[in-house]
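These notes concern the structure reproduced below.
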Amino acid sequence: MMLRLQKVSKAFGALQAVNDVSFELAAEGITGLVGPNGSGKSTLFHLITGFYHADHGRIFFNHRSIERLPPHTISRFGLTRTFQHTRVLPFLSVLDNLIIAAPSQLGERFWTLFFKRGRVHRQEGELREKALEVIRLLALGRHAGEFAGRLSYGQQKLLELGRVLMADPRLVLLDEPTAGINPSLIRQLVDILQRIVERGIQIFLIEHNMPLVAELCSRVLVMDSGELIFSGTAAQARTDPRVIEAYLGRETDAA
C-alpha cells in the first residue's frame, strides 16, 4: 500500500479533530476526501504530511513510518501537498517559482559554487527544461516570464501544483484545488489532473464540488466529526445513510 493510516487521532484541547481514522490507499489514481466543514479533513492532511503530529496511531508511506517526521523529510520521500490558500512567490516569475521549488539543488551549497561549477550549471539547465515542461502541462506557457503575483487566483493554484510536481512526487495531496477558481479553469484542472495520473502520480484530494469528485475519483472517503464514516465509490456514497445524515442531519434535528 502506498499510504496507510492505523487508528490515527488528534485532539486540540477538548476538540477531537480526528478520531481513530484508519484506511489504506493503493495505486488507484485519484481518491477524494469529502465531508462537511469542520469534519477533520484538513487536519488529517496536516497529520499525513507532518505539519501536525498525531496523538495516537501510525502513518506509513511506502511501508515507511512517517508519523513523527517533519514535512520536508516526508516530501523527499515523494509525498507532497498543496494548501487551501496559494503560497507562490509573487515577485518571482512563473518559471523561477518552479525552478526554485526543485529539491536538492547543488547551487544551494556554498562550496559547490566554486569547486563544481560545471555540475551546478548543468543541473540549472536541466531544472529549467523540467520547469518548462511543467509550464506546458499547466498551460501557463504565455505567463512563463510574468511575475506570479500577476496571475489570477486560479492560475496561482495551478502554479502551486506545478511547484509540487518539481519535487517528483509519487503521491500528491490537494486541499480544495477548485475553491475560488472559475468554471472554465476547473475544466482545465480536471484535464491536468488526469494527465498527472497518467504519468504514474497518485492524487488524494479534499473537494466540496461533488459532481467533480464523482467524475474524477475512483474512490471516495467521507469524514464527519473527526471520524471516517464511509469508503467506496461516489455512487455508493450518495445512497449511504451515514453520508446522507452527515450532510443533511438527522430527521429529529431537521424536525
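One is the number of the first residue; the rest follow in order along the sequence.
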Donor-acceptor contact present, side-chain [X] to main-chain [Y], <3.5 Å:
X	Y	result
Arg163	Asn97	yes
Asn182	Ser184	yes
Lys41	Pro36	yes
Glu227	Ile229	no
Ser22	Lys7	yes
Glu129	Glu126	no

Do [X] and [Y] touch side chain to side chain, with heavy atoms closer than 4.5 Å?
X	Y	result
Asp224	Val243	no
Val222	Asp240	no
His72	Arg76	yes
Thr31	Ile203	no
Leu47	Glu67	no
Leu98	Leu127	no
Leu221	Leu228	yes
Arg128	Leu95	yes

Please give me the minimum heavy-atom distance between [X] and [Y], naming the atom from each residue.
X	Y	value
Cys217	Leu205	SG-CD1, 4.5 Å
Val88	Ala148	CG2-CB, 4.2 Å
Ser42	Ile206	N-CD1, 3.7 Å
Ser93	Ala144	CB-O, 3.7 Å
Leu189	Leu158	CD1-CD2, 3.8 Å
Lys157	Thr86	CG-CG2, 3.5 Å

Is there a continuous path of hydrophobic side-chain contacts, each under 4.5 Å between heavy atoms, that joins [X] to [Y]?
X	Y	result
Phe51	Leu173	no
Ile181	Ile192	yes
Leu216	Leu137	yes
Phe147	Leu151	no
Val190	Leu174	yes

inquiry  = Any carboxylate oxygen within less than 4.0 angstrom of a Lys/Arg side-chain nitrogen, looking at Arg81 and Asp175?
reply    =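 A salt bridge is present here (some side-chain N lies under 4.0 Å from a carboxylate O).
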ask   = Are Arg187 and Glu215 close enough for a salt bridge, meaning some N to O gap below 4.0 Å?
value =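 Between Glu215 and Arg187 there is a salt bridge, with a charged N closer than 4.0 Å to a carboxylate O.
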[atom2] on [Y] to [atom1] on [X], rounded to 0.5 Å:
X	Y	atom1	atom2	value
Met166	Leu161	CE	CG	12.5 Å
Arg64	Phe77	CZ	CZ	4.0 Å
Leu25	Leu171	CG	CG	7.0 Å
Leu3	Leu79	CG	CG	6.5 Å
Thr178	Ile186	OG1	CD1	4.5 Å
Leu33	Ser39	CG	OG	7.0 Å

ask   = Do any pairs count as a ring pair (Phe, Tyr, Trp, His ring centres under 6.0 Å) and have a residue in residues 179-223, sequence neighbours left out, and if so which ones?
value =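 Matches after skipping sequence neighbours: Phe23-Phe204, Phe45-Phe204.
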task = Give the C-alpha distance, both sets of side-chain angles, the deciding distance and a yes or no for side-chain contact (heavy atoms from CB on, under 4.5 Å) between Asp20 and Val8.
result = CA-CA 5 Å; Asp20 206 29; Val8 172; over 6 Å; no
task = Mind running side-chain contact (heavy atoms from CB on, under 4.5 Å) on Phe230 and Gln236 for me, showing each step along the way?
result = CA-CA 9 Å; Phe230 175 84; Gln236 291 169 336; 3.7 Å; yes
message = Run Arg219 and Thr233 through side-chain hydrogen bond (donor to acceptor under 3.5 Å, both in side chains) and show every step you take.
response = CA-CA 5 Å; Arg219 181 182 173 199; Thr233 67; over 6 Å; no
task = Output, in order, the C-alpha distance, side-chain angles, deciding distance and verdict of side-chain contact (heavy atoms from CB on, under 4.5 Å) for Arg170 and Ile201.
result = CA-CA 5 Å; Arg170 297 190 60 189; Ile201 301 171; over 6 Å; no
If you count the non-hydrogen atoms of other residues, nucleotides and ligands that lie under 6.0 Å from [atom1] in [X], is the total more than 12?
X	atom1	result
His53	NE2	yes
Arg150	CZ	no
Arg195	CZ	yes

ask   = Could Arg4 and Phe60 be counted as a cation-pi pair, given that NZ or CZ must be under 6.0 Å from the ring centre and within 45° of the axis?
value =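 Judged by the rule (NZ or CZ under 6.0 Å from the ring centre, within 45° of its axis), Arg4 counts as positioned above Phe60.
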inquiry  = Please verify the inter-ring angle class for Phe83 with His46; under 30° counts as parallel, over 60° as perpendicular, anything in between as tilted.
reply    =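 The rings of Phe83 and His46 sit tilted, inter-plane angle from 30° to 60°.
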inquiry  = As a quick check of understanding, evaluate salt bridge (Lys or Arg N to Asp or Glu O under 4.0 Å) for Asp168 and Lys130, giving each step before the final call.
reply    = CA-CA 10 Å; Asp168 294 322; Lys130 181 178 180 180; 2.8 Å; yes
message = I'd like to check the ring pair (Phe, Tyr, Trp, His ring centres under 6.0 Å) partners of His143; sequence neighbours left out, ordered by chain and number.
response =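 His143 satisfies ring pair (Phe, Tyr, Trp, His ring centres under 6.0 Å) with no other residue.
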